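Have a look at the structure below, then the notes.
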Amino acid sequence: MMRAWILPILLVACGLLAAGALVGKGSPGAAVALLLPLVLLAGLNSPLAFPRSVGAAEAQRRSAADGRPVVYWRPGCAYCLRLRIRLGRGAHRLHWVDIWRDPSGAAAVRAFNGDDETVPTVVVAGRPHVNPDVEWVRTQAAARPRD
C-alpha cells in the first residue's frame with residue numbers, strides 16, 4: 001500500500017521544500033506557482049485518480065457476472081493514467097485491480113505477460129490485452145450489459 005504513495009509524497013515534499021525556499025526569499029507568488037502543479041501531478045499519480053480498486057478474485061467474479069472488462073493497473077504508471085483519463089466517466093464501468101495492493105493481481109498480470117508486470121492489462125472475456133487502444137476499451141465496456 002505504501003509503495004503506491006511514494007511518488008505522490010515525494011512530489012509534494014519536494015514542492016514544499018522548494019516553495020518554502022521561495023517564500024523565504026520573498027516570492028510567495030512563485031512558491032504557489034511551483035507548488036500547485038506539483039500537487040496536481042501528485043494527485044494524478046496517486047491511487048485517488050482511479051476508481052476504487054478491488055482484489056483480482058473479486059474483479060474476476062464480478063466480470064464473470066456482468067461481462068465488464070478487468071483493468072490491472074498500478075499507481076505511477078503513465079499508460080494507466082492515460083487510459084484512466086481518456087476513459088473519463090466510462091472508467092467506472094470497468095473493474096480496476098491495483099497490482100501493488102493485490103499480490104494475486106500482480107501474479108495474474110505476470111501469468112498473462114510472461115512474468116512481466118506490464119500494465120495496463122485489460123482482460124475481456126478471459127483474454128488479456130496489454131496497453132490496448134482506449135477506444136477499443138471504451139467499446140468493450142459499452143458492449144457489456146449494465147447492472
Side-chain angles (χ1 to χ4, degrees), residues 1-20 22 29-147:
M1 165 96 173
M2 185 61 194
R3 185 166 67 169
W5 287 99
I6 290 174
L7 179 61
I9 289 171
L10 286 175
L11 286 169
V12 171
C14 290
L16 287 172
L17 287 172
L22 287 171
V32 169
L34 174 74
L35 188 58
L36 283 179
L38 288 174
V39 169
L40 177 64
L41 188 60
L44 287 174
N45 282 289
S46 76
L48 299 176
F50 289 84
R52 182 175 301 246
S53 289
V54 296
E58 178 66 15
Q60 291 165 357
R61 185 192 65 74
R62 289 181 184 182
S63 180
D66 63 18
R68 294 181 185 180
V70 176
V71 179
Y72 294 93
W73 71 285
R74 65 173 169 77
C77 169
Y79 300 105
C80 298
L81 182 60
R82 183 185 69 192
L83 176 66
R84 166 59 187 102
I85 289 171
R86 291 199 53 213
L87 284 172
R89 289 183 177 170
H92 293 283
R93 293 189 38 82
L94 307 172
H95 303 293
W96 293 79
V97 178
D98 180 351
I99 66 168
W100 280 359
R101 282 183 143 180
D102 184 17
S104 63
V109 170
R110 284 192 303 271
F112 293 141
N113 298 313
D115 265 353
D116 291 329
E117 286 187 359
T118 308
V119 288
T121 297
V122 179
V123 179
V124 177
R127 296 191 61 219
H129 304 272
V130 178
N131 200 14
D133 178 64
V134 176
E135 290 304 317
W136 180 83
V137 174
R138 188 175 286 129
T139 60
Q140 295 302 308
R144 307 301 169 197
R146 293 192 152 169
D147 55 3

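Small disclaimer: the values here were computed from a predicted structure and weren't measured.
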> Can T121 and N113 be said to form a side chain to side chain donor-acceptor pair (under 3.5 Å), step by step?
Replying inline: CA-CA 9 Å; T121 297; N113 298 313; 3.2 Å; yes

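- When all heavy atoms of C80 and V119 are compared, the pair lying nearest together is SG-CG2, 3.7 Å.
- Here the closest non-hydrogen pair linking A91 and R84 is CB-NH1, 3.5 Å.
- Proximity of a side-chain donor or acceptor of R110 to a complementary backbone N or O of G114 within less than 3.5 Å is not detected.
- Separating the CG atom in N131 from the SG atom in C77 is a distance of 7.5 Å, to the nearest 0.5 Å.
- With rounding to the nearest 0.5 Å, the separation of CG in L35 from CG in L17 is 10.5 Å.
- For the residue pair S104 and D102, the shortest heavy atom distance occurs at OG-OD1, 2.8 Å.
- L94 pairs with exactly one of V70, V124, V71 by the side chain to side chain contact (heavy atoms under 4.5 Å, CB included) rule, that one being V71.
- Remark: the backbone N or O of V134 is not paired with any side-chain donor or acceptor of R86 at under 3.5 angstrom.
- Put simply, the side chain of D66 reaches to within 4.5 Å of the side chain of H95, judged on heavy atoms.
- Here the straight-line distance linking atom CZ of R101 with atom CH2 of W96 works out to 14.5 Å at 0.5 Å rounding.
- Closest of all the heavy-atom pairs between P132 and P120 is CD-O, 4.1 Å.
- The distance from atom CD1 of I99 to atom CH2 of W73, rounded to the nearest 0.5 Å, is 10.0 Å.
- Here NE2 of H129 is found 3.5 Å from CH2 of W136. Values are rounded to the nearest 0.5 Å.
- The CG atom of L38 sits 9.0 Å away from atom CG of L16, with the distance rounded to the nearest 0.5 Å.
- With S63 contributing its side chain and R68 its backbone, the two residues share a donor-acceptor pair below 3.5 Å.
- Among all heavy-atom pairs drawn from L7 and G76, the shortest one is CD2-CA, 4.3 Å.
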